[in-house]
Amino acid sequence: MLVDLPQIVKDFDLKKCMQCGKCTASCPAGLESNLRTRMIIYLAKSGMDVLDMKELWGCTTCYTCQERCPKGVKVTDAIILLRNLAVRRGNFPRIHKTAINAIRETSNGFPLTPEVSKIRSLLGLPIEPRDVAHIKEELEAFTRLIESLELLRSIKEAEK
Ligand code: SF4
Ligand code: SF4
């Protein structure tokens, strides 16, 4: 089901936010980044377009803010949906696109590097592990599945 910003504000109780700041104060990602959860909630509930905010992608979805919010605002759920909207706009970090392309092509967001292969060899492990990435038929089936996702269209649109 497609959602929009007003729907997110409604479904996740953003209007209940009283700007106490507990979410920002307890956000571990905010310690290491510019993520200010309270600000995102404020802007979103005010009807501002937050989909271009890079900070959205700093959230680790740990759910600390949502568990601690005294007003029951579904903060993390809202951030996840806001990201979904941002992706539909083709707006998400390049590193995510790289990982998604790697998953599509190898079924692995972190494909084996020559260094890892070398360590595997030193440890006596098979160079090619028995996983989806290394079984041709499985990888083809996996690729078909990924290709069917709307997400890839967003990536291609964003790369035009
Ligand atoms: S903890 Fe809840 S009420 Fe407080 S600022 Fe964050 S979202 Fe708003
Ligand atoms: S879910 Fe995201 S915004 Fe909330 S505390 Fe965790 S990292 Fe911060």
Side-chain angles (χ1 to χ4, degrees), residues 1-113 115-116 119 129 131-133 139 142-160:
M1 183 185 70
L2 284 177
V3 294
D4 55 14
L5 185 56
Q7 193 70 41
I8 292 173
V9 171
K10 180 170 176 285
D11 289 352
F12 301 113
D13 296 321
L14 269 52
K15 291 279 187 196
K16 289 185 183 169
C17 173
M18 60 179 180
Q19 287 291 291
C20 69
K22 199 165 185 176
C23 48
T24 295
S26 48
C27 174
L31 292 174
E32 305 291 340
S33 72
N34 291 329
L35 173 60
R36 298 293 175 262
T37 318
R38 178 177 64 163
M39 183 171 69
I40 290 175
I41 298 300
Y42 174 76
L43 294 174
K45 81 169 189 166
S46 305
M48 307 278 284
D49 186 341
V50 294
L51 304 184
D52 292 332
M53 291 180 73
K54 290 189 177 67
E55 292 82 357
L56 276 181
W57 298 94
C59 170
T60 63
T61 66
C62 70
Y63 276 87
T64 306
C65 54
Q66 187 157 319
E67 287 175 354
R68 294 188 179 175
C69 174
K71 298 294 282 183
V73 178
K74 299 182 189 69
V75 186
T76 314
D77 293 338
I79 288 175
I80 291 169
L81 261 288
L82 288 169
R83 284 177 175 177
N84 287 358
L85 288 183
V87 169
R88 286 183 196 285
R89 195 183 271 183
N91 187 5
F92 56 109
R94 177 157 292 280
I95 194 164
H96 292 214
K97 292 174 190 166
T98 303
I100 291 164
N101 278 330
I103 290 169
R104 180 180 53 177
E105 287 162 13
T106 70
S107 88
N108 192 338
F110 300 94
L112 293 186
T113 61
E115 292 77 17
V116 171
I119 292 169
D131 62 17
V132 172
L139 181 56
F142 180 82
T143 305
R144 282 198 299 278
L145 173 68
I146 294 291
E147 294 281 356
S148 71
L149 300 178
E150 198 174 321
L151 175 61
L152 291 175
R153 275 199 289 281
S154 301
I155 294 176
K156 286 174 188 157
E157 287 294 315
E159 286 175 344
K160 276 181 188 169

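Counting starts at 1 for both ligands and their atoms, following the listed order.
- Residue-level proximity to ligand 1 for Thr37 is absent, since no heavy atom of it falls below 4.0 angstrom.
- Set against the non-hydrogen atoms of Gln19, the atoms of ligand 1 under 4.0 Å away are 5 (S), 8 (Fe).
- For atom 6 (Fe) of ligand 2, the closest non-hydrogen atom of the protein is Cys62 SG, 2.3 Å.
- Under the 4.5 Å side-chain criterion, counting only non-hydrogen atoms from C-beta, Arg38 is not in contact with Ile41.
- Atoms of ligand 1 found under 4.0 Å from any heavy atom of Val75, numbered from 1 in the order shown, are 7 (S).
- Each of the following atoms of ligand 1 lies closer than 4.0 Å to a heavy atom of Gly21: 4 (Fe), 5 (S).
- The aromatic rings of Phe92 and Trp57 sit tilted, their planes meeting at an angle between 30° and 60°.
- With respect to atom 2 (Fe) of ligand 1, the closest heavy atom belonging to the protein is Cys69 SG, 2.3 Å.
- Using a 4.0 Å cut-off to heavy atoms of Arg38, the atoms of ligand 1 that qualify are 5 (S).
- The nearest pair of heavy atoms linking Cys27 to Leu35 is SG-CD2, 3.7 Å.
- Enclosure of atom CD1 in Ile95 is not indicated, since only 12 or fewer non-hydrogen atoms of other residues, nucleotides or ligands lie within 6.0 angstrom.
- Counting only heavy atoms of the protein, atom 1 (S) of ligand 1 lies nearest to Cys23 N, 3.3 Å.
- No part of Cys65 comes within 4.0 Å of ligand 1, judged by heavy-atom distances.
- Those atoms of ligand 2 with a heavy atom of Ala29 less than 4.0 angstrom away are 7 (S).
- Here the CD1-NZ distance, from Ile80 to Lys74, works out to 13.0 Å after rounding to the nearest 0.5 Å.
- For Cys59, the nearest N, O or S atom to atom 2 (Fe) of ligand 2 falls under 2.8 Å.
- Classification of Asp52 and Arg89 as a salt-bridged pair holds, one side-chain N sitting under 4.0 Å from a carboxylate O.
- Taking 2.8 Å as the threshold, Cys20 does not count as a candidate ligand of atom 2 (Fe) of ligand 1, since none of its N, O or S atoms lies below it.
- Nearest protein heavy-atom neighbour of atom 8 (Fe) of ligand 2: Cys27 SG, 2.3 Å.
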Next on the checklist: If you apply the rule side chain to side chain contact (heavy atoms under 4.5 Å, CB included), what do you find for Asp11 with Leu81, and how did you get there?
Outcome noted: CA-CA 10 Å; Asp11 289 352; Leu81 261 288; over 6 Å; no
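- Interface atoms of ligand 2 facing Thr60, defined by a heavy-atom separation under 4.0 Å, are 2 (Fe), 7 (S).
- Pairing each heavy atom of Leu85 with each of Leu5, the nearest pair is CD1-N, 3.9 Å.
- Contact record, Thr64 with Ser26: CG2-O, 3.5 Å, taken as the closest heavy-atom pair.
- Per-residue contacts place Pro70 under 4.0 angstrom from the following atoms of ligand 1 (heavy atoms of the residue considered): 1 (S).
- For atom 3 (S) of ligand 1, the nearest protein heavy atom (residue, atom name, distance) is Met18 N, 3.5 Å.
- Summarising the local packing, OH of Tyr42 is surrounded by 12 or fewer heavy atoms from other residues, nucleotides or ligands at distances under 6.0 Å.
- Side-chain contact check for Lys45 versus Val73: every heavy-atom pair is 4.5 Å or farther apart.
- With ligand atoms numbered from 1 in the order given, ligand 2 contributes 1 (S), 6 (Fe) to contacts under 4.0 Å with heavy atoms of Tyr63.
- Residue contact annotation: Thr61 has a non-hydrogen atom under 4.0 Å from ligand 2.
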